[in-house]
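Step one of this worksheet: look at the structure below.
All chains are named by letter (A, B, ...) in the order of the sequence lines, taking the proteins before the strands, and each is independently numbered beginning at 1.
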Amino acid sequence: MKVKVLSRNPDDYVRETKLDIQRVPRNYDPTLHPFEVNREYTRALNATKLERVFAKPFLASLDGHKDGVNCMAKHAKSLSKLLSGSCDGELKVWDLTKHECVRTLQAHEGFVRGIVVRFCGTSFFTAGDDKTIKQWKMESPGYGEEEEPLNTILGKTVFTGLDHHQKDGVFATCGQQVDIWDEQRSSPIRSFTWGVDSFSAVRFNPVEVRHHVSTTLRHTHTHTHTHTHTHTHTLYSFSMFTLAYKVFIVSLPDAFKMDCLIFLCLTSLYTYDMRFLDRPITVHMDHVSAVLDVDYSPTGKEFVSASFDKTIRIFPKDGGRSREVYHTKRMQHVICVKWSADNKFILSGSDEMNIRLWKANAAEKLGVLTPREKVAVNYSQKLKEKFQHHPQIRRIAHHRHLPKSIFHQTKELRVMKEARRRKERNVRKHSRPGAVPVVSEKEKHVVTVVK
Amino acid sequence: MASPGKASVSDSHVGKKKKPPARYWQEETDGEKKGAEDGGRAAEEEPRTQKPKQEEHQREGKRFISGKSDPFPGPAPIPEDRLQKFKRKEKTKKHRRQHYKLRDIITRSEEASEMAQKQAARFDILLPEDAGFLEGDEEEDTYTISQEDIADAVDITSGAKYFNLKLSQFGPYRVDYSKTGRHLLLGGRRGHVACVDWQSKQLMCEINVMESINDVKWLHSETMYAVAQKKWLHIYDSNGIELHCIRKFNDVLRMQFLPYHFLLATASASSFLKYLDVSVGKEVTAICTKTGRLDVMCQNPHNAIIHLGHPNGTVTLWSPNQKEALVKMLCHQGGVRSVTVDKSGTYMVTSGMDKKLKVYDIRALKPLQSYFLPAGASCLSLSQRGLLSATTGDVVQVYKDVCNTPVTKPYMAHRVRGTAWGLSFCPFEDVLGVGHGDGFTSMLVPGAGEPNFDGLDANPYRSAKQRQEWEVKALLEKIQPELISLDPCELGQVDQATFQQRHQDRVQALVSVWKNLIVLLDT
C-alpha cells in the first residue's frame, strides 16, 4: 500500500529565535475565509467610526493681528511662510512651523486689499485702501534698517484686488477698472473697463498665460485677453444679489487644457468651464450665508470655501455638497481662506483677528508613518470607499456636528426650497402641458448671457 | 506583475538609414546589402519596411544580445481550474445607457479584481504541503487496511496520532476539536470533562462536573468551553474554573458555535433554539421551534445557518432573524439521525432511521444521491476535504467523495471499543476523533485534512501573543447576527427590490398625473 499522512515539520512553522518575527503562512483559498463581504463590511463600519473618532482638524491659531484679517498670501517657494494683511493696514509674515509671527510691518493706512508674492519668492506686492501699491522685500530688514517698501505706486482710485503673473514681471489690479502693470513702470500698461461697474477681484490664469479674469460687484465676470488687446469675451449676469464675489482660476491637468472657474454668489459656488460660460458645470450649495472666499487644493480635486456663516467647507470639485465643515465657537465670520501647497493644511483668516490652521483631512495622522501604519490607512480608506453607499455607513460618514444656528438655518432653507418646488410642481400640474418648462438647477441661476 | 515585453518601443529611428557600427563578423551582410543597393531601389524599400515590423515582433519578446527571442513571451499561463477557484462573481453586464463615470468605475474595479484573482492563483503554487492519500495495492481494498498497519507505515509523529484513551468509567464521550485543530475537548456522559493538547498529549484540565453532560463545545479559542449539563449551560475556563452558569439556557441537548459571529447556538429538549453571544454575554434570540425534542443539530459553515433534524424525517434550517424555519425539507421516511454540511455550504448529508444516507445540494435544495446502509448511521461528519465518516454502533466507516460520484464501498473502516457517541474530524490534520462508550479513539484518515492553513485565520502553531492579537481582531470584525441569511453575499448585491418598489411608485404617480390630464382634455 501507498500511504501518506499529513505531517508538518514544526521548524517550518515556528520561528527560530525570539528575535525573529513570527511566521505566518498564507492560503488565499476562499473556502478557508468564509463571510468575506460581511467581515469587510464590519471592518468598513469600524473604519468609518474610527475616522469620526480621530477627526480633530484644528491645529493652531495664529494670534497677533489687531484688526480682522482681510487677505492672505501663500509664499511662492516656501511651505512654512504665510503673509496676511489686516483691516488696519498691518501686514504680518508668519512661520507656520513655529506658529509665530516673524515680521510685522505697517503696509497701508486702511484695509490691505490684496497681497501677492512674486513668483521668484524674493518680494511681494500689497495693494491697499490708500490707493497705493507697494512692493516689499521678502527678507526682514537688518539691524538698524527701517521698513521701507522697494517701490511705491500711487494710483488714482482705490484698489480692491491684486494678482501677479506666474512667469513674467507683470501684475494686475482692479478697482474702478482692471489695470495691467509692468513692474518697472509706474503707470498701467493697459486698462480695461466695462460699463460703470467697479471690480472686486482679478486673477491671472496660470495655464493660459495671456488670460485673466476679473469680476465686478454687480454679478458679472469678464474674461479677457490681455496682451492682444482685442476682444472681451463674454459677460454674464446672475439673478441673485451678492455681497461680493471673486473668481479663482485653476487649471485642471494639462491633458484637458480646460480651465475651471469658481464663482461665489450668495450662498453657493458655481464651477464654470471657461470655454462654455453660458451655464455652470456644477452648483455647490451648502453654505447658509454669503461665501466670501474660495481656494483650490493643489491637486485640483477639491476646494475650500469660507463664508460669512462662521464655517469653512471643503467641497469635491464635481460634487454639489460639501464633504467636510469646520467651525469653532471662537471663529467668527471667515474672510479669507487658503489651502497650503502641500495639500495638507487649510488656513482661514477671520474677522476676530485670528488665523487658524486646520488639517485638510481631519482624521489624518500627521508626521512620518511606519509602513504598517501606511498599509492600514490605505486599507481602511479602500474599505470606506467600497462600502460608502451602504446606508449605515453613509449615515456615519456624513454626520457632522453643526452649530445650532446653522443647523436650524439649513433646515429652514430646506423647507423653503421644498415649498418653492412644490408650488412649481402644482403650477405645472394645473397648467397646459408645456406651458411651464422644467428648468434645471444650473440654468436657474443664469439670467441672461450678454456678449 | 507587468509582462516584460509589453513596454512600448518607439521605432522612430528604425525607418531611418542609420547604419550600426561595423563588426568584424558582419562583413558578409554588408556585402550583401551593397549588392542589393546596386539593384533597384524600389525592391529594397519593401524589405526595409518589412524589416522594422519583424524587428518589432521580435522585440515583443525579450531582447537578447545573441538575437534569439523568448520562445514563451508574456507572463506564465495559469490553469483554468486554479483561476476558477478564486473567482468570486461573473462580470456585470454593462448597459449602453449607463453614465460614463459609473461604467468607468465598474471597469476599473473589475480589472483590479481580475488582477487580484490572478495573483492569488499564482500564489497557489507556493503552498508548502500536499494532502495525504492512501492507495491500496492491486486487488487490495483500502478499507481492509487496519489502523495499526497505517501507523506502522508512516513516520513516528504521524503514527503517534493514532491512539486510544481508555475511559470506561464515565460513559460515552462527546468530542470537539478547537478551530485550529490543536486542542481536544472530551465530555463524558457521567460528568467527566477533559481538555487535552492531543498532539503533545498534554492535559490542560480535567474536571468532573458531578452532573450528566449532554454536549461539550469549544468557544472561539482554547481558553473557554461550554458544557451543556443536565439542567443548565455552564462555561469553563481552560484551567477548569467555572466561569458562568447560564440559567436561561436550560435542558440543552446539542450546541454549535458560529465562530465568525461569536454565537453559541443551543438546541434544547423543550424545542427551543437559543443563540448566545459569547463576546457580550447576551442572549440574542430564543426561537420556539415547536417541533419537539431537538436532538440532531449541525451548522452550515458557509452561511452560519443551523440545521435541525426532527423525528418526523424533516430537516429545518434556522437563522436568528426569523421565528419560523427558513426552509423545511422532508429528507427521510423515519426520524433523522444525523445531519452534516460541508465547508463550502454546497452539500448536506443526512442519515435517517430508514437506514438511508442521502446527499442533498443545499443551495438548490435538490436531492443528489441516496445510499442504503444495512444499519443506519448514527453519527456523521464531513472533513475539510470532503471525506464523510459514518458510525453504526461501534464501527466507523469513512467514505471518499460521497457527494459527486456514487460510492460503492468505504474508503476506510475501523472498529472502536464501545458504541460511538461523538465524531469529529480534526481541522488541519488527517485524523478522525471518535468518542465512544469506552473512551476516545483517534484514528488516521489520510487525505482528510486541509494541508495548508492560513496563518491569519486559524494557525495551529500560533503563540500566545499571536492568539491574543487574533482574538482582538476577530472581535472587532465580529459579524452582527442580523446579517445571517441563506446567501452570505447579500451585502455585496444591489438592493433590487427597493429600487423596483420606488420605480413602481414613481410610475404610478406619473400614471395618475397622466390620467388627470386626459380627463381634463376630454372635458
Measure B:Asn452 against the heavy atoms of chain A and call it side chain, backbone, both or neither at under 4.5 Å. both
Charged N-O contact under 4.0 Å between A:Lys4 and B:Asp130: no
Which value, rounded to the nearest 0.5 Å, describes the distance between B:Asp149 atom CG and A:Met1 atom CE? 5.5 Å
Given a strict heavy-atom distance threshold of 4.5 Å, which part of B:Arg462 is in contact with chain A: side chain, backbone, both, or neither? neither
Taking every heavy atom of A:Leu6 against every heavy atom of B:Phe428, the minimum-distance pair comes out as CD1-O, 3.6 Å
Under 4.5 Å to a heavy atom of chain A? For B:Ile150 that would be both
Which heavy atom in A:Gln22 sits nearest to a heavy atom in B:Ser463, and how many Å separate them? NE2-OG, 3.2 Å
Calculate, to the nearest 0.5 Å, the distance between atoms CZ and CG belonging to A:Phe35 and B:Leu491 respectively. 12.0 Å
When only pairs under 4.5 Å are counted, which of A:Arg15, A:Lys429, A:Glu36 shares the most heavy-atom pairs with chain B? A:Glu36
Would you mind checking which part of B:Asp137 comes under 4.5 Å of any heavy atom in chain A, side chain (CB onward), backbone (N, CA, C, O), both or neither? both
Please check if the number of heavy atoms outside B:His99 that lie under 6.0 Å from its NE2 is greater than 12. yes
A:Ser7 and B:Lys161: which non-hydrogen atoms are nearest, and at how many Å? CA-NZ, 4.3 Å
Partner chain A: residue of B:Asp457, B:Leu521, B:Val431 with the largest heavy-atom pair count (under 4.5 Å): B:Asp457
Heavy atoms only, distances under 4.5 angstrom: which of B:Leu476, B:Leu444, B:Thr157, B:Asp495 has the most pairs with chain A? Name it, please. B:Leu476
Chain A contact via B:Lys478 - which portion, at a heavy-atom distance below 4.5 Å: backbone
Is chain A contacted by the side chain of B:Leu517, its backbone, both, or neither, given a heavy-atom distance below 4.5 Å? side chain
Going by the angle between their ring planes, with limits at 30° and 60°, are A:Tyr13 and B:Phe453 parallel, tilted or perpendicular? tilted
If one checks every heavy atom of A:Glu40 against chain B at 4.5 Å, the contacting part turns out to be neither
Looking only at A:Arg39, A:Arg8, A:His390, most heavy-atom pairs under 4.5 Å shared with chain B are made by A:Arg8
If you count heavy-atom pairs within less than 4.5 Å of chain A, which of B:Glu138, B:Lys465, B:Gln466 leads? B:Gln466
Could you check A:Thr42 against B:Gln480 for side-chain contact (heavy atoms from CB on, under 4.5 Å), going step by step and ending with a plain yes or no? CA-CA 8 Å; A:Thr42 315; B:Gln480 294 301 313; 5.8 Å; no
For B:Pro128, is it the side chain, the backbone, both, or neither that has a heavy atom closer than 4.5 Å to a heavy atom of chain A? side chain
Interchain contact, B:Phe86 with chain A, by part (heavy-atom threshold 4.5 Å): both
Note: vs chain B, highest number of non-hydrogen pairs under 4.5 angstrom among A:Val5, A:Val37, A:Val24 is A:Val5
Top residue by heavy-atom pair count (under 4.5 Å) with chain A, among B:Pro451, B:Ala131, B:Ala120? B:Pro451
Among B:Leu456, B:Leu126, B:Val154, B:Thr142, the residue with the most heavy-atom pairs under 4.5 Å to chain A is B:Leu456
Using the side-chain contact (heavy atoms from CB on, under 4.5 Å) rule, take B:Lys101 and A:Asp318 through it: C-alpha gap first, then chi angles, then the decisive distance, then the call. CA-CA 12 Å; B:Lys101 264 195 198 169; A:Asp318 48 6; 3.2 Å; yes
Of the backbone (N, CA, C, O) and the side chain (C-beta and beyond), which part of B:Phe123 lies under 4.5 Å from a heavy atom of chain A, both, or neither? side chain
Report, as yes or no, whether the 6.0 Å neighbourhood of atom CG on A:Leu366 holds more than 12 heavy atoms from other residues, nucleotides or ligands. yes
Looking at chain B, which one of A:Val3, A:Asn38, A:Asn27, A:Val14 has the largest number of heavy-atom pairs inside 4.5 Å, strictly under? A:Asn27
Below 4.5 Å, heavy-atom pairs only: which of A:Pro34, A:Pro25, A:Pro10 has the largest tally toward chain B? A:Pro25
In terms of heavy-atom proximity below 4.5 Å to chain B, should A:Asp29 be classed as side chain, backbone, both, or neither? both
Heavy-atom distance under 4.5 Å to chain A: side chain of B:Lys87, backbone, both or neither? neither
Once rounded to the nearest 0.5 Å, what's the spacing between atom OH of A:Tyr28 and atom CG of B:Asp124? 11.0 Å
Can you confirm whether more than 12 heavy atoms, excluding those of A:Glu16, are under 6.0 Å from its CD atom? no
